[in-house]
Q: 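Before I ask anything, here is the structure I am working with.
Here the structure is a predicted model, which means the values were calculated and not measured.
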Amino acid sequence: MTNMIQQAKDQVLELTLAAYEAAAEAGQLPGGVNVRAGVEIPKDPANGDYTTTFALAAAKAMKRSPREIASALLEHLDLTGTYFASAEIAGAGFLNFRLGSDWYGAVLEAVSREGADYGRSEALKGQRIMVEFVSANPTGPMHMGNARGGVLGDTLASVLEAAGAQVWREFYVNDAGNQIEKFAVSLEARYLQILLGEDAVPFPEDGYHGDDIRELAQAFYEEEGRSYQDKPVQERRRALAAFGLERNIPRMKSDLARYKISYDQWFFESELHDSGYVAETVRLLTDRGYTYEKEGALWLATGRILEESCRRAGKSEKDIAKLELKDDVLRRANGFYTYFAADIAYHRNKFEKRGFDRVINIWGADHHGHVARLKGAMDALGLDGTGRLDIVLMQLVKLLRDGEVVRMSKRTGKAISLTDLLDEVPVDAARWFFNAKPDTQMDFDLGLAVREDSENPIYYVEYAHARICSLVRALEAEGYPVPAMEAVDPALLPGETETALIKQLALFCEELRLAARDYDPSHLNRYLVELAGCFHRFYTACRIKGEEPALLSARLKLADAARSVLKNGMALLGVDAPEKM
């Protein structure tokens, strides 16, 4: 799709190179010099709309001062039929360009023509990308970390789709291993306490102590009565774990659906074990010489794998010596495979069996030590984990109310879960605030999230959209529908707030590109707040209703373009674009 900022940058380079060739042909500059120069948008609009460092970059090779080079370029610069109205020299030799009405008109035309597709690109076309996110243990309610990871993963997936990728959303269900055994033991203790009394059955210190465990045990008792009291321990625990998972997993799906999150697949860890895929994966690592036995357990030579990766990357012996290279157990002495072994098998499945070009995991920052180990294991399997596996680490969430840290739900008196949060804060507000920059700790202000004023960014953005919708309805009722682009004269929009708003509309394509490149969908939050601000400033400075028809039409078209782009951005965030407030 159309990225007018990139088109303007490309045109600056083309114009500058053409001017250089003309100056060289005229004998004013030495020919045959290969110059690598950048094009930037100046922070201060007084310095033009775009600037190139060509003259500064060429000075040494041409043995001329930058200003002398820039002067020769300016003399041979032909802006006829381009997006630019003028150019001038500034500072040490910068060549600054100022946009003309054709560029502003092209931006409005692109927004009008592309509609809901405006901002999208084909940058990642042909790539199959999996985004795995949340993947919470199904042993209890989802917490704030899951709430943040859910929005980051879901919005990142939408951003990557907008960049042309074929995206697969996945939830990895840890329904095997130690945490499920602990879940079963906890349920068993509560179940037997119902039958025999709490004093008769000790509860395991490392068990799950939440009320949800009591509720599940009670539900099991109401359905099964005493039928499992005298069953073999393992049979009883298997039944209790299955009973709990059959209720917890649908609840997780329901909570996430309420949060506007759905997945292409819920992938169960147990399937990897039951199919023998974990054992096969470990065997492959053994065949490649990366495992060894010690004290009855099978170990992965993680330290050696990572050291080899460091050497391939060209790291020095000194840097390698600083690393704490430790090996990992894959199969315990009791014959059970570890969570790490299952995780390696799962990621092998993603790359080798299902053929994803790239895999992105959204993890809590407490998993940072696991990143290099998992990538290294993929490298050891020949799957290029270093190049194809990306981990986005997100920092902790701190809930606040009136400046005070909140840890308990007012309603339940228990630790706040995702369900508790959505009972207190609108879903759209939760999605907006949790889509913060992932590598920073965030403060979620419960009071701010429900405020209906400009201090609340989601309200500010939604209000801008609703305000434009109201304007469009009112003018249509008076006989002034939003005009077609060919009926609009962009030259009637020369004002500072008008051009600033159009530039902001053009920036949407660039912000989407950066969000996909950086795996940081919070680019959208910042962009939308600024776009809303640009519209409000334009609306305050530029009268629409009551102006003469040509000017009214041009400004109405600009306002409607802002509405369209606001809606596109909010759609990617998974929040509503209200037409009335």
Q: Rounded to the nearest 0.5 Å, what separates atom CZ in Phe356 from atom CG in Asn349?
A: 9.0 Å

Q: When you measure from the side chain of Asp428 to the backbone of Ile458, do you find a donor-acceptor pair of N or O atoms at a distance under 3.5 Å?
A: no

Q: Just to verify, what does Ser470 make a side-chain contact (heavy atoms from CB on, under 4.5 Å) with, not counting sequence neighbours?
A: Arg473

Q: Decide yes or no on side-chain contact (heavy atoms from CB on, under 4.5 Å) for Met570 and Glu462, but give the supporting numbers first.
A: CA-CA 9 Å; Met570 287 189 278; Glu462 288 181 334; 4.1 Å; yes

Q: Would you list the pairs meeting ring pair (Phe, Tyr, Trp, His ring centres under 6.0 Å) in which at least one residue belongs to residues 184-207, sequence neighbours left out?
A: Tyr191-Phe220, Phe203-His209

Q: Within this structure, what is the CD-CG distance for the pair Glu215 and Leu187, rounded to the nearest 0.5 Å?
A: 11.5 Å

Q: Would you call Leu300 and Phe340 a side-chain contact if the rule is heavy atoms closer than 4.5 Å?
A: yes

Q: Please say whether more than 12 non-hydrogen atoms of neighbouring residues, nucleotides or ligands are located less than 6.0 Å from NZ in Lys231.
A: yes

Q: Could you report the tightest heavy-atom contact between Ala297 and Val329, atom names first, then the distance?
A: CB-CG1, 4.2 Å

Q: To the closest 0.5 Å, what do you measure between CD (Glu198) and CG (Leu192)?
A: 12.0 Å

Q: For a 4.5 angstrom cut-off between non-hydrogen side-chain atoms, does Tyr346 reach Leu272?
A: yes

Q: What I'd like to find out is whether the side chain of Leu383 reaches to under 4.5 Å of the side chain of His347, using heavy atoms alone.
A: no

Q: Is any NZ, NE, NH1 or NH2 atom of the basic residue among Glu510 and Arg513 found under 4.0 Å from an Asp or Glu carboxylate oxygen of the other?
A: yes

Q: Could you please spell out the steps behind the side-chain contact (heavy atoms from CB on, under 4.5 Å) verdict for Val405 and Leu400?
A: CA-CA 5 Å; Val405 176; Leu400 303 174; 3.8 Å; yes

Q: Check Asp518 with Lys437, please: is the shortest side-chain N to carboxylate O separation under 4.0 Å?
A: no

Q: Under a 3.5 Å distance rule, please check whether Asp175 uses its side chain to pair with a backbone N or O of Ser270 as donor and acceptor.
A: yes

Q: What residues, two or more places apart in sequence or in another chain, satisfy ring-ring contact (aromatic ring centres under 6.0 Å, His included) together with Tyr519?
A: none

Q: Could you check whether atom CG of Asp199 has more than 12 heavy atoms from other residues, nucleotides or ligands sitting under 6.0 Å from it?
A: no

Q: Lys567: what forms a side-chain contact (heavy atoms from CB on, under 4.5 Å) with it, not counting sequence neighbours?
A: His465, Arg563, Ala577

Q: Which pairs with one or both residues in residues 156-171 pass salt bridge (charged side-chain N to carboxylate O under 4.0 Å, His left out), sequence neighbours excluded?
A: Asp154-Arg169, Glu161-Arg169, Glu170-Arg354

Q: Got a sec, which residues hit side-chain contact (heavy atoms from CB on, under 4.5 Å) with Glu223, two or more places apart in sequence or on another chain?
A: Phe243, Arg247

Q: Any salt bridge between Arg304 and Asp327, counting N to O under 4.0 Å?
A: no

Q: I'd like to check the ring-ring contact (aromatic ring centres under 6.0 Å, His included) partners of Tyr337; sequence neighbours left out, ordered by chain and number.
A: none

Q: Do Phe183 and Asn137 make a side-chain contact, defined as non-hydrogen atoms from C-beta onward lying under 4.5 Å apart?
A: no

Q: Measuring from atom CG of Leu446 to atom CD1 of Ile416, what distance do you get when rounded to the nearest 0.5 angstrom?
A: 6.0 Å

Q: Is a side-chain donor or acceptor of Arg236 paired with a backbone partner of Gln229 at a separation under 3.5 angstrom?
A: yes

Q: Atom CD1 in Ile344, atom CG in Asp328: separation rounded to 0.5 Å?
A: 7.5 Å

Q: Please list all pairs meeting salt bridge (charged side-chain N to carboxylate O under 4.0 Å, His left out) that have one or both residues in residues 266-295, counting only residues at least two apart or in different chains.
A: Glu280-Arg348

Q: Applying ring-ring contact (aromatic ring centres under 6.0 Å, His included), name anything that partners Phe336, two or more places apart in sequence or on another chain.
A: none

Q: Are any side-chain N or O atoms of Arg431 and backbone N or O atoms of Leu573, one a donor and one an acceptor, separated by less than 3.5 Å?
A: yes

Q: Answer yes or no: are there more than 12 heavy-atom neighbours, outside Gln441 itself, under 6.0 Å from its atom CD?
A: yes

Q: With a 4.5 Å limit on heavy-atom distance, are the side chains of Tyr277 and Lys353 in contact?
A: yes

Q: Using side-chain heavy atoms (C-beta onward) and a distance below 4.5 Å, is Ile180 in contact with Leu245?
A: yes

Q: Could you give all pairs that pass the ring pair (Phe, Tyr, Trp, His ring centres under 6.0 Å) test and reach residues 120-143, with sequence neighbours left out?
A: Phe133-Tyr263

Q: Does any donor atom in the side chain of Tyr172 or Asn361 lie under 3.5 Å from an acceptor atom in the other side chain?
A: no

Q: Find the distance between CD (Glu511) and CG (Leu524) and round it off to the nearest 0.5 Å.
A: 8.0 Å

Q: Does Arg467 form a side-chain contact (heavy atoms from CB on, under 4.5 Å) with His536? I'd like the steps, not just the answer.
A: CA-CA 9 Å; Arg467 190 179 197 181; His536 290 310; 3.0 Å; yes

Q: Can you find a pair of side-chain heavy atoms, one from His370 and one from Arg373, that are under 4.5 Å apart?
A: yes

Q: Would you confirm whether Asn456, through its side chain, and Arg451, through its main-chain N or O, come within 3.5 Å as a donor-acceptor pair?
A: yes

Q: Any carboxylate oxygen within less than 4.0 angstrom of a Lys/Arg side-chain nitrogen, looking at Asp423 and Arg258?
A: yes

Q: Inspect the surroundings of CD in Glu235 and state if more than 12 heavy atoms from other residues, nucleotides or ligands are less than 6.0 Å away.
A: yes

Q: Check Val425, Thr155, Val427, Leu528 against Trp432 for a side-chain contact (heavy atoms from CB on, under 4.5 Å) and give me the one that passes.
A: Leu528

Q: When you compare the side chain of Arg128 with that of Trp168, does any pair of heavy atoms fall below 4.5 Å?
A: no

Q: Among Asp357, Val359, Leu160, which residue satisfies the side-chain contact (heavy atoms from CB on, under 4.5 Å) criterion with Ile129?
A: Leu160

Q: Spell out, as yes or no, whether a donor-acceptor pair under 3.5 Å connects the side chain of Arg190 to the backbone of Arg214.
A: no

Q: Spell out, as yes or no, whether a donor-acceptor pair under 3.5 Å connects the side chain of Tyr339 to the backbone of Gly177.
A: no

Q: Passes side-chain contact (heavy atoms from CB on, under 4.5 Å), Lys253 versus Phe171? Steps please.
A: CA-CA 10 Å; Lys253 290 182 178 181; Phe171 188 116; over 6 Å; no

Q: Check whether more than 12 heavy atoms from other residues, nucleotides or ligands sit under 6.0 Å from atom CD of Glu122, and answer yes or no.
A: no

Q: So, Thr291 side chain and Leu285 main chain: donor-acceptor pair closer than 3.5 Å or not?
A: no

Q: Can you list the residues that meet the side-chain contact (heavy atoms from CB on, under 4.5 Å) rule with Ala515, with sequence neighbours excluded?
A: Val159, His523

Q: For Tyr527, which residues count as a ring-ring contact (aromatic ring centres under 6.0 Å, His included) partner, sequence neighbours excluded?
A: Phe508

Q: Are the side chain of Asp379 and the backbone N or O of Thr386 linked by a donor-acceptor pair below 3.5 Å?
A: yes

